Student: 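Supplied in structure tokens, the structure appears directly below.
Everything numeric here is computed off the predicted structure, so don't read it as measured data.
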Amino acid sequence: MKGVESIMPQKLVRISDGLAADMKAIAAERNMSETQVVNEALALLRDYHYTKHKALFLNEELLSVLRASYKMAENTINNKTNKVLSEVAIQTCIQNQILANSLEVSQSDLNRYRLRAVEFLKDSQRVWRMDELADSE
């Protein structure tokens with residue numbers, strides 16, 4: 001690396017006395033020049049900065065597989081939840097019709113109550129689908 005030092009651009013950098021002493025000690029301990037110690041330290045700082053600010057811990061291929069797996073699991077959960085909610089809605093409708101028949105509520109009144117309930121849900125922004133719940137947060 002000594003031959004490389006002669007073709008590298010020269011830079012003047014001011015460092016503290018303590019840091020200069022540490023650098024000399026490291027150079028003597030490792031049998032290197034002070035320039036080599038500085039180059040190694042700057043390369044480590046450059047790599048640290050890159051990994052902290054620009055590098056991904058996971059590569060893109062692995063990240064795309066994880067995202068696809070997450071999306072598939074999310075869709076499966078959404079579909080099952082939607083089936084449960086639909087079943088609950090059907091059971092509630094059956095109960096409402098039984099209640100309406102026993103109280104002698106007309107079909108037109110029942111439809112009007114249903115429309116009011118739907119409007120209430122729309123106005124209050126209540127969302128019953130899991131995928132819509134995740135999007136609204």
Student: Going only through I, L, V, M, F, W and Y residues with side-chain contacts under 4.5 Å, is there a path from Y113 to I94?
Tutor: no
Student: Determine whether L42 and V13 fall in the same hydrophobic cluster, where Ile, Leu, Val, Met, Phe, Trp and Tyr are linked whenever their side-chain heavy atoms lie under 4.5 Å apart.
Tutor: yes
Student: With distance as the sole criterion, is a donor-acceptor pair present between the side chains of Q95 and Q91 under 3.5 Å?
Tutor: no
Student: Atom CD in E87, atom OG1 in T92: separation rounded to 0.5 Å?
Tutor: 9.5 Å
Student: If you count every heavy atom of other residues, nucleotides or ligands that lies below 6.0 Å from R112 atom CZ, does the total exceed 12?
Tutor: yes
Student: Consider only side-chain heavy atoms of I, L, V, M, F, W and Y, link residues closer than 4.5 Å, and tell whether L19 and L44 are in one cluster.
Tutor: no
Student: Is it true that, when you exclude D17 itself, more than 12 heavy atoms of the residues, nucleotides or ligands shown sit nearer than 6.0 Å to its CG?
Tutor: no
Student: Decide side-chain contact (heavy atoms from CB on, under 4.5 Å) for M23 and V38; before the verdict, give the C-alpha distance in whole Å, the side-chain angles of both, and the deciding distance to 0.1 Å.
Tutor: CA-CA 8 Å; M23 185 178 60; V38 169; 3.0 Å; yes
Student: K71: which residues meet the salt bridge (Lys or Arg N to Asp or Glu O under 4.0 Å) condition with it, sequence neighbours left out?
Tutor: E74
Student: Answer with yes or no whether the hydrophobic clustering places V84 together with I77; edges join I, L, V, M, F, W, Y residues whose side-chain heavy atoms lie under 4.5 Å apart.
Tutor: no
Student: Go through it in stages, so that I can follow the logic: the residues are T81 and L85, the test is side-chain contact (heavy atoms from CB on, under 4.5 Å), and I'd like the CA-CA distance, side-chain angles, deciding distance and then a yes or no.
Tutor: CA-CA 6 Å; T81 304; L85 290 174; 4.1 Å; yes
Student: Just how far is it from atom CD1 of I26 to atom CD of Q36, taken to the nearest 0.5 Å?
Tutor: 13.0 Å
Student: Taking a hydrophobic cluster as the set of Ile, Leu, Val, Met, Phe, Trp and Tyr residues connected by side-chain heavy atoms closer than 4.5 Å, whether directly or through intermediates, do L45 and M32 fall within one such cluster?
Tutor: no
Student: Is S69 reaching over with its side chain to a backbone N or O of V65, donor-acceptor style, under 3.5 angstrom?
Tutor: no
